[in-house]
Number of protein chains: 2
Amino acid sequence: MPRRPPASSTSSPAPSSRRSPCPVACALDLFGDRWTLLVIRDLFLGRSRFKDFTASPEGIPTNLLSDRLERLTESGLISRVPLEGGKRFAYELTEKGKALKPVLLAMKEWGLRWEEGTRADLLNQS
Amino acid sequence: MPRRPPASSTSSPAPSSRRSPCPVACALDLFGDRWTLLVIRDLFLGRSRFKDFTASPEGIPTNLLSDRLERLTESGLISRVPLEGGKRFAYELTEKGKALKPVLLAMKEWGLRWEEGTRADLLNQS
DNA sequence: TTTTTTCACTTGCAAAGTGCAAGTAAAATT
DNA sequence: AATTTTACTTGCACTTTGCAAGTGAAAAAA
């Protein structure tokens, strides 16, 4: 995945790396890979620290997690919040990131219906 | 992306390559990349031939298109339908593939809302 | 306070995937 | 019969992925 510039509180400026003006293509430029949406999912599940993400059952490699957290921050889907005094951070969804809930819910429903043996322990409506 | 076995008309058996029982992770195992959902989008837009997909504005490389069509067929999201007599094929969404409409619509809405300059010429409700 | 453990990464490397260009053979068209 | 189009495949350079190991700071334990 190629890299991209930051984001505003309303809507992000079109980066030159955009493949087309299609909103689906555009979305895939931001999270079209095997890991990014799982990090978003974890954030919806209340996980917020680096180790929380690595503890998820899929076992994201730590170098990829670093990379994804950085990209998500750059594209304004998440923000880093400094933890008590120290140099450590928690991550949280921005409004833009929270707006992905319908996407995740649709994928969850699809998976539950069409892929045998899947179960959604945690990701609820609301 | 690692490869996987075929699919039934109800729900697909769990492949050993599955990363977790999470329906989202499972879905991403099938279409978690930058191109697959664009092929699905094109099919929803009525495109069905190899050249139709290559003609989309994102310009998928032909080797990747071949690969994606094969994987989508294997995983039961699309099927190859033989064209009049010859050895050529058209591609169409299966029921399982059509069931991805809510996912694409959610992504479309998200892109339109949060990514400046995107526009959805074609992908409609229904 | 010192030691140990945990956390949040980074680095190195082999393997796999991507993207581009060029090639090919069959089908369709002229 | 010759030309063009279609649906691919192949080759190759480059990038990304996944695994393991290493590192330094912070937190916890002794």
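Computed from coordinates, the B:R80 CZ to D:dT6 P distance equals 18 Å when rounded to whole Å. Between A:I60 atom CD1 and D:dG18 atom P there is a gap of 9 Å when expressed in whole angstrom units. The nearest whole Å value for the distance from the CG atom in A:L64 to the C1' atom in C:dA16 is 13 Å. Rounded to whole Å, atom C1' of D:dA7 lies 6 Å from atom CZ of B:F50. Distance A:D52 CG to C:dA8 C1': 12 Å, rounded to the nearest Å. Going from atom CD of B:E70 over to atom P of C:dG17 covers 13 Å, rounded to whole Å. In this structure, CG of B:L69 is placed 10 Å from C1' of D:dA7, rounded to the nearest angstrom.
Nearest to the side chain of A:T62, among C:dT18, C:dG19, C:dC9, sits C:dC9. Here the nucleotide nearest the side chain of B:R71, chosen from C:dG17, D:dC8, D:dG11, is C:dG17. The side chain of B:N63 has C:dC20 as its nearest neighbour among C:dT18, C:dC20, D:dG18. Closest to the side chain of A:R49, out of D:dA7, C:dA8, D:dC8, is C:dA8. Taking only side-chain atoms of B:R88, from C-beta outward, the nucleotide of D:dA25, D:dT5, D:dT17 with the closest atom is D:dT5.
Proximity of B:L69 to B:F50: side-chain heavy atoms (C-beta onward) are separated by under 4.5 Å at one or more points.
Using a 4.0 Å cut-off between charged side-chain N and carboxylate O, A:K96 and B:E115 make a salt bridge. Salt-bridge formation is detected for the pair A:R19/A:D29: a Lys NZ or Arg NE/NH1/NH2 atom is positioned less than 4.0 Å from an Asp or Glu carboxylate oxygen.
Applying the 4.0 Å criterion to OP1 and OP2 of C:dT10, one finds that A:S66 has a side-chain N or O inside that range. In this model, the phosphate group of C:dG17 is not approached by any side-chain N or O of B:W35 to a distance below 4.0 Å at OP1 or OP2.
Backbone-only engagement by B:Y91 is indicated by non-hydrogen atom pairs under 4.0 Å involving sugar-phosphate atoms exclusively.
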